[in-house]
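Predicted model only: the values in this text are computed from it and were never measured.
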Protein chains: 2
Amino acid sequence: MTTEEKIFNAARIVFQKKGFAGARMQEIADEAGINKAMLHYCFKNKQLLFEAVFKNAFSQLAPQINAIFSSNETIFEKIKQFTHSYISFVIVNPFLPPFVIQEMNNNPEFVKNFFKNENSPNPYLLIDQIKKEIDLGIIKPMNPKQLVLDIFSMTVFPFAAQMMVKGILHLDDAEFNLMMEERKTTIAEQIINSIKK
Amino acid sequence: MTTEEKIFNAARIVFQKKGFAGARMQEIADEAGINKAMLHYCFKNKQLLFEAVFKNAFSQLAPQINAIFSSNETIFEKIKQFTHSYISFVIVNPFLPPFVIQEMNNNPEFVKNFFKNENSPNPYLLIDQIKKEIDLGIIKPMNPKQLVLDIFSMTVFPFAAQMMVKGILHLDDAEFNLMMEERKTTIAEQIINSIKK
DNA sequence: ATCTTTGTTAACCAAACGGTTAAACTAAAA
DNA sequence: TTTTAGTTTAACCGTTTGGTTAACAAAGAT
């Protein structure tokens with residue numbers, strides 16, 4: 001593993017745990033097992049190191065989601081694939097959703113630019129498809145954006161608010177993961193059940 | 001308005017916008033229009049000022065939620081009341097959900113203690129009721145905690161991930177609020193529709 | 001009138017922070 | 001063997017940050 005990779009991995013861990021403002025360059029250096037000056041040698045400054053981590057996090061997810069959204073399957077099938085695929089991904093990367101939400105909240109300008117320039121998840125193929133299937137009478141009339149929001153809510157929220165969910169429902173890690181495994185199939189079933197004519 | 005109130009309101013604004021780590025005592029003082037030393041005179045230190053704001057935020061919500069959960073209504077009615085009541089509340093306090101999620105993520109120990117000591121939303125009345133109604137054959141067999149999680153997901157997520165939702169779905173503030181108004185009724189209808197026998 | 005308590009400020013401080021520098025180390029090219 | 005280019009480090013620096021201090025002002029209390 002190169003030094004740059006060591007730094008990158010360490011930065012990902014620390015940024016995800018503490019956020020941009022709470023992360024300390026020294027802590028990242030310690031986590032990577034290298035001298036603090038190397039951080040600046042490899043990534044110039046804190047902001048650029050952060051952006052590298054943030055972009056990488058998104059770039060792991062966006063292609064997966066877009067691939068599903070732009071396929072030729074029915075919506076019902078896409079909903080099934082998305083929930084299964086997304087939950088599988090974030091079970092392995094559980095810190096990602098709260099991290100993204102946090103930095104969206106703290107630094108909206110950066111994130112807005114990010115969404116314009118980088119390849120971010122694009123739901124408009126899905127939205128168009130929903131419109132068509134409504135017209136064809138396959139699913140009930142509704143605001144397509146609400147359906148997209150429902151799908152994201154049901155899949156992303158439990159991970160985004162992980163600590164709160166575990167606290168309120170008294171779940172340990174094992175129970176939480178078990179529930180998330182269950183959700184891989186149940187979410188899609190419920191949503192489909194509530195929208196099909 | 002007393003000086004203490006001025007500080008508290010200013011702290012709420014700055015903490016919700018920047019998070020604990022990102023907030024600056026000087027910025028809070030400026031926002032309150034008073035000298036920085038007054039912060040320490042009134043609230044001792046940053047941590048205690050933050051805890052005051054955090055506890056207050058939760059104490060506004062918890063009683064509302066618990067009142068609904070512990071009433072004598074049917075689950076269907078409780079779901080309707082909760083979604084309507086919660087969305088109405090956070091439309092007026094939109095920074096609350098991301099704020100809570102962020103600080104849960106950054107400072108889990110503090111939050112765990114908080115949940116044990118303060119009056120936090122207690123879903124177990126609701127969970128017991130769900131179990132009973134499943135046994136009575138009113139709703140489909142399922143894990144009651146999953147249903148509770150569904151309800152929270154559908155209501156809380158759009159606000160928790162507000163910036164992301166607006167970005168991905170290309171919504172301005174007006175469109176976003178319009179969608180949330182619509183959700184006050186549609187969420188409950190959808191959930192009820194998908195669980196009733 | 002004088003003392004005490006409470007509220008308020010400007011000036012200050014030590015520690016922590018992000019970032020820089022210059023030197024030392026390494027290994028491959030000349 | 002020497003040069004050269006790329007790595008890595010210890011030590012340092014200016015600024016920011018949370019927090020303190022001492023002086024001061026207003027208002028009751030004695």
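Across residues 15-28 of chain A, Ala23(A), Arg24(A), Met25(A) each have a non-hydrogen atom less than 4.0 Å from an atom of DNA chain C (numbered order).
Between Phe69(A) and Tyr124(A), the distance from one ring center to the other does not fall under 6.0 angstrom. Phe152(B) has its ring centre no less than 6.0 Å from the ring centre of Phe157(A). Phe15(B) and Phe54(B) have their aromatic ring centers separated by at least 6.0 angstrom.
Between Phe43(A) atom CZ and dT7(D) atom P the separation is 13 Å, expressed in whole Å. Note: CG (Asn45(B)) to P (dT20(D)) measures 8 Å, nearest angstrom. Computed from coordinates, the Leu48(B) CG to dG19(D) C1' distance equals 13 Å when rounded to whole Å. Between His40(B) atom NE2 and dT21(D) atom C1' the separation is 13 Å, expressed in whole Å. dT8(D) atom P lies 12 Å from atom CG of Leu39(A), rounded to whole Å. Counting to the nearest Å, the P atom of dT16(D) and the NZ atom of Lys46(A) are 15 Å from each other.
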Which atom pairs, donor and acceptor, lie under 3.5 Å between side-chain atoms of residues 89-103 of chain A and protein residues at least two apart or in another chain?
{"unit_1": "Asn93(A)", "atom_1": "ND2", "unit_2": "Phe89(A)", "atom_2": "O", "d": "2.9"}
{"unit_1": "Gln102(A)", "atom_1": "OE1", "unit_2": "Asn106(B)", "atom_2": "ND2", "d": "3.3"}
{"unit_1": "Glu103(A)", "atom_1": "OE2", "unit_2": "Phe20(A)", "atom_2": "N", "d": "2.9"}

Pair up each side-chain donor or acceptor in residues 27-43 of chain B with any protein partner under 3.5 Å, not counting sequence neighbours, and list the distances.
{"unit_1": "Glu27(B)", "atom_1": "OE1", "unit_2": "Lys18(B)", "atom_2": "NZ", "d": "3.1"}
{"unit_1": "Glu27(B)", "atom_1": "OE2", "unit_2": "Lys18(B)", "atom_2": "NZ", "d": "3.2"}
{"unit_1": "Asp30(B)", "atom_1": "OD1", "unit_2": "Gln26(B)", "atom_2": "NE2", "d": "3.0"}
{"unit_1": "Asn35(B)", "atom_1": "OD1", "unit_2": "Ala37(B)", "atom_2": "N", "d": "2.8"}

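At a cut-off of 3.5 Å, with distance as the only test, a side-chain donor of Ser88(B) or Lys184(B) sits close to an acceptor on the other residue.
Listed by chain and number, the residues in a side chain to side chain contact (heavy atoms under 4.5 Å, CB included) with Gln129(A) are Ile75(A), Lys78(A), Leu126(A), Glu133(A) (sequence neighbours excluded).
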Going 5' to 3' through nucleotides 6-15 of chain C, assign each nucleotide B (protein heavy atom under 4.0 Å from a base atom), S (under 4.0 Å only from sugar-phosphate atoms) or - (no protein heavy atom that close).
SBBBB-----
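Annotation: side chain to side chain donor-acceptor pair (under 3.5 Å) contacts involving residues 45-67 of chain B, sequence neighbours excluded, comprise Gln47(B)-Glu51(B), Gln64(B)-Ser85(B).
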